[in-house]
Protein chains: 2
Amino acid sequence: MERTTGRALRADAERSVRAILEAAERVLAADPAASLEQVATAAGVARTTVHRRFANRQALLDALADSAARQLAQAVGDGRPETAPPLVAIHRITANVLQVKGAWTFALQLPPETGSEAAALHADVHRACLALLARAREDGLLDPGADLEWTSRVYYALIGESLREAGEPDALAARVVETLLHGAGKRD
Amino acid sequence: MERTTGRALRADAERSVRAILEAAERVLAADPAASLEQVATAAGVARTTVHRRFANRQALLDALADSAARQLAQAVGDGRPETAPPLVAIHRITANVLQVKGAWTFALQLPPETGSEAAALHADVHRACLALLARAREDGLLDPGADLEWTSRVYYALIGESLREAGEPDALAARVVETLLHGAGKRD
DNA sequence: ATTACATGCAACAGGAATGTTCCAGTTACT
DNA sequence: AGTAACTGGAACATTCCTGTTGCATGTAAT
């Protein structure tokens, strides 16, 4: 987490940083132009505390993006994309990602700074996703002619759409996977 | 278009308003927090001209949303959603909408003011889309069990995804329709 | 040709947000 | 218990943006 010197932060400082990041996600999701004063109030700290922990507004946004990207990468990794059977992995990852994205919607759509940890993590996640879709195609889950780049973007878009409503992650994930594989056309 | 009194605007004023709206779309798409000064510069007019034509920043955004919504409604109407065969209409509308949304991406994702012209037009467009999908389901194009609310959101999401790359509208539309109907799964 | 409309420039006032500083009091770690 | 770290409040300076005004000049409609 955020450090000032070589030593780790005190526990209360860790709590403040976490509270600030969580408040930033909520407040900025509602209004991306919200002030640092509003974020501080929502976090239950003084604005000087926000400035103490984050050099400036951009640094706070960067920390938000990095933190959320770490959680996304963790969610994808927990779905064992490289080893579980493709359909199982896709379903599990979808449910995991829905939860993380639901909690960090704003943070995860921030364009990551070039060279940042968030950018690297997002690239890793995308690579893992493409590899999983390639395995799915090899296993006959996807059409042999499926364009994986387009398919991965459709997959992300379906996840994004599912976030717009409340629901049980597994049920929402099932619908995402069903739609990804079969669309809305007539079932044979 | 924007009026000051009962008489229509002079031709040069009409041109200014159009230039401002087009510049606003470009500049605000790149940076939603861009200043009115930046929009004015991009439009090739003075900031006082922007203030003369739009009472305030929100009025400019409202005008942008209304204008773009009218063009979207026109694009959907041109696809004859009520009378053309469903597959033809869906394809035609998709290509038309891709073009309009490509040109007014920012304006079309502005949340319209409650009671505004844009809000009414967006509601009309959504109703027309649902009716078209219902006809498609009746004709056997969609699965009898297809949830039309979800299907329409998937459809919009696929259009949104297609906007992220350059391409010929008809080819992009074909892919949207193909994905909407059949997903990425194995073709039988 | 005339007249009304359109525009740009410069200046002004006000408001909001950001980043910084200082210090007293509180908390947590050893 | 002692000490270092953490925090909040208040104030300050700066910057940027918005909205407004007045006036001279240019443009377009009749």
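Each chain gets a letter, A, B and so on, in the order the sequences are listed, and its residues count up from 1.
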Starting from C1' on dA17(C), measure out to CG on Asp31(A) and report it in whole angstrom. 13 Å

As a test of reading the structure: which of dG19(C), dC6(D), dT27(D) is closest to the side chain of Arg10(A), going by heavy atoms? dC6(D)

How many whole angstroms separate atom CD of Gln58(A) from atom P of dA17(C)? 18 Å

Side-chain N or O of Thr48(A) closer than 4.0 Å to phosphate OP1/OP2 of dG9(D): no

Sidechain N-carboxylate O distance under 4.0 Å for Arg187(B), Glu178(B): yes

Thr49(A) side chain N/O closer than 4.0 Å to the phosphate oxygens (OP1, OP2) of dC6(D)? no

No-hydrogen, no-angle side-chain donor-acceptor test under 3.5 Å, Glu117(A) and His122(A): no

How do Asn56(B) and Arg15(A) order along DNA chain D: which one's closest nucleotide is nearer the 5' end? Arg15(A)

For a salt bridge (charged side-chain N to carboxylate O under 4.0 Å, His left out) check, start with the C-alpha distance between Glu161(B) and Arg175(B), then their side-chain angles and the critical distance, and finish with the verdict. CA-CA 11 Å; Glu161(B) 245 353 274; Arg175(B) 188 176 61 178; over 6 Å; no

Nearest-angstrom distance from the residue atom CZ of Phe54(A) to C1' of dT20(C): 18 Å

On the side chain of Arg47(A), is there an atom forming a donor-acceptor pair with the base of dG9(D) - under 3.5 Å, no angle test? no

Minimum-distance nucleotide (side-chain atoms of Asp12(A) versus dG8(D), dA11(C), dC6(D)): dC6(D)

When you match Glu37(A) and Ala46(B) each to their closest nucleotide on DNA chain C, which lands nearer the 5' end? Ala46(B)

Is there a side-chain contact between Arg52(A) and the phosphate of dT20(C), meaning an N or O under 4.0 Å from OP1 or OP2? no

Charged N to carboxylate O under 4.0 angstrom, Arg127(B) versus Asp124(B)? yes

Mind calculating the distance between CG (Leu28(A)) and C1' (dA17(C)) to the nearest angstrom? 14 Å

With nearest nucleotide decided by heavy atoms, which residue, Ala33(A) or His51(A), maps closer to the 5′ end of DNA chain C? Ala33(A)

Report yes if a side-chain nitrogen or oxygen of Arg53(B) is closer than 4.0 Å to either non-bridging phosphate oxygen (OP1 or OP2) of dT7(C); otherwise report no. yes

Can you tell me how far C1' of dT7(C) sits from CD of Glu14(B), to the nearest Å? 16 Å

How would you label the contact of Arg57(A) with the nucleic acid (heavy atoms, under 4.0 Å): base, sugar-phosphate, or nothing? sugar-phosphate

Are side-chain N/O atoms of Trp104(A) and Ser67(A) paired as donor and acceptor at under 3.5 Å? no

Categorize Ser35(A) for me: base, sugar-phosphate, or nothing, with a 4.0 angstrom heavy-atom threshold over every strand shown. sugar-phosphate

